[in-house]
Amino acid sequence: MAEHRQLQRAALLDAARILLAEGGMEALTFPALATRTGLARSSVYEYFRSRAAVVEALCEVDLPLWAAEIKAGMESCDTAVERIEAYVRGQLALAADPRHRAVVAISALELDEAARERIRAAHGRLAGLVGRTLEDLGHAQPRLAAALVQGVVEAATRRAEQATGGGRTGCATESPEEIADAAVAMVLHGLVHPGTGT
């Protein structure tokens with residue numbers, strides 16, 4: 001019985017991932033989960049009390065996997081500078097995933113403060129990866145620098161959302177690749193871009 005419930009719960013989470021990828025946060029409803037899994041709507045409530053509970057469960061499962069992907073990308077690099085670039089590009093690729101966007105949106109709107117704090121802590125552990133790399137580079141303030149790197153990533157993410165219509169203004173015109181390149185250049189070189197001489 002316990003194994004059956006575990007399988008059903010996993011099936012519901014898989015269905016949630018598909019719904020989020022296909023239709024964003026509006027697509028994640030209990031009727032849609034029931035249809036995707038062949039369960040009665042009332043049965044879905046036996047596993048999750050609310051949409052927020054589904055998202056929290058997804059975060060518990062998926063955040064460590066996403067972090068592992070970014071870490072693996074960093075570990076495949078030869079130099080510390082390449083690892084920092086992989087960190088920035090890995091996070092921006094993750095942020096472009098519609099599932100991740102929807103999870104972030106629902107988290108901000110529907111999760112309680114304790115759940116949001118757990119998610120922030122998971123992201124903080126991710127930032128620790130770049131902090132250690134900055135230590136390897138001999139940076140005098142690696143924790144501060146890691147926080148600033150993360151700030152660039154978050155700003156680039158917002159810009160990319162505007163460029164794809166995900167933001168309210170829709171005013172950004174750069175491609176995701178241009179935004180990622182600019183974010184990497186900002187992190188590695190500040191406002192002095194190679195080749196500009198300024």
Side-chain angles (χ1 to χ4, degrees), residues 25 52 55-56 58-164 166-169 171-172 174-194 196 198:
M25 62 183 286
V55 170
E56 189 171 355
L58 280 174
C59 289
E60 288 175 5
V61 175
D62 290 352
L63 279 176
L65 297 177
W66 289 335
E69 287 180 18
I70 293 172
K71 183 178 180 182
M74 293 175 71
E75 289 176 345
S76 69
C77 297
D78 294 326
T79 68
V81 169
E82 288 173 346
R83 288 197 295 276
I84 292 171
E85 179 172 353
Y87 174 83
V88 173
R89 292 189 186 278
Q91 284 212 70
L92 291 176
L94 171 61
D97 186 321
R99 291 176 306 158
H100 184 265
R101 279 194 206 160
V103 164
V104 169
I106 295 172
S107 298
L109 293 172
E110 300 181 22
L111 293 190
D112 61 29
E113 183 57 31
R116 287 198 295 270
E117 183 54 41
R118 287 192 289 274
I119 292 170
R120 282 194 291 268
H123 279 108
R125 288 191 291 274
L126 189 59
L129 295 174
V130 78
R132 288 188 290 276
T133 300
L134 289 162
E135 287 178 0
D136 293 343
L137 281 173
H139 198 286
Q141 295 178 291
R143 291 181 63 187
L144 172 59
L148 296 175
V149 168
Q150 192 61 33
V152 171
V153 170
E154 291 168 7
T157 297
R158 288 192 297 272
R159 187 74 177 182
E161 287 173 353
Q162 291 174 0
T164 58
R168 291 183 180 178
T169 61
C171 64
E174 305 89 359
S175 70
E177 293 77 16
E178 288 174 319
I179 293 169
D181 289 345
V184 168
M186 177 69 75
V187 166
L188 296 181
H189 309 292
L191 290 175
V192 182
H193 193 281
T196 66
T198 58

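Because only heavy atoms are used, hydrogens play no part in the values below, and waters and symmetry mates are left out as well, while side chains stay in. Fair warning: this is a prediction, and the values are worked out from it, not measured in the lab.
Under the rule for a side-chain contact (heavy atoms from CB on, under 4.5 Å), the partners of A114 that lie at least two apart in sequence or sit in another chain are D112, R118. Evaluation of the side-chain contact (heavy atoms from CB on, under 4.5 Å) rule for E110 yields R51, A52, I106 as partners, not counting sequence neighbours. Scored by the side-chain hydrogen bond (donor to acceptor under 3.5 Å, both in side chains) test, E177 finds S175 as partners (sequence neighbours excluded). Contacts of R83 classified as salt bridge (charged side-chain N to carboxylate O under 4.0 Å, His left out), with partners at least two apart in sequence or in another chain: D136. Among residues two or more places apart in sequence or in another chain, the side-chain contact (heavy atoms from CB on, under 4.5 Å) test is passed with E117 by E113, R120. A search for side-chain contact (heavy atoms from CB on, under 4.5 Å) contacts involving V152 returns A183, M186, V187, not counting sequence neighbours.
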> What's the verdict on side-chain contact (heavy atoms from CB on, under 4.5 Å) for L129 and R132, showing C-alpha distance, side-chain angles and the deciding distance?
Replying inline: CA-CA 6 Å; L129 295 174; R132 288 188 290 276; 3.1 Å; yes
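Counting only residues at least two apart or in different chains, salt bridge (charged side-chain N to carboxylate O under 4.0 Å, His left out) contacts with residues 84-97 comprise E85-R89, R89-D181, D97-R99.
A donor-acceptor pair is defined here as one N or O able to donate and one able to accept, closer than 3.5 Å; such a pair exists between the side chain of R116 and the backbone of L111.
With rounding to the nearest 0.5 angstrom, the CG atom of L92 is 9.0 Å from the CD1 atom of I70.
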Name every donor-acceptor pair, under 3.5 Å, that has one atom in a side chain of residues 137-151 and the other anywhere in the protein, sequence neighbours excluded.
unit_1 : atom_1 : unit_2 : atom_2 : d
H139   : ND1    : Q141   : N      : 3.0
H139   : ND1    : Q141   : O      : 3.4
Q150   : OE1    : Y87    : OH     : 2.6
Q150   : OE1    : Q91    : NE2    : 2.8
Q150   : NE2    : Q91    : OE1    : 3.3

Can you list, pair by pair, the side-chain donor-acceptor contacts under 3.5 Å of residues 75-82, counting residues two or more places apart and other chains?
unit_1 : atom_1 : unit_2 : atom_2 : d
S76    : OG     : G73    : O      : 2.7
T79    : OG1    : E82    : N      : 3.1
E82    : OE1    : D78    : N      : 3.0
E82    : OE1    : T79    : N      : 3.3

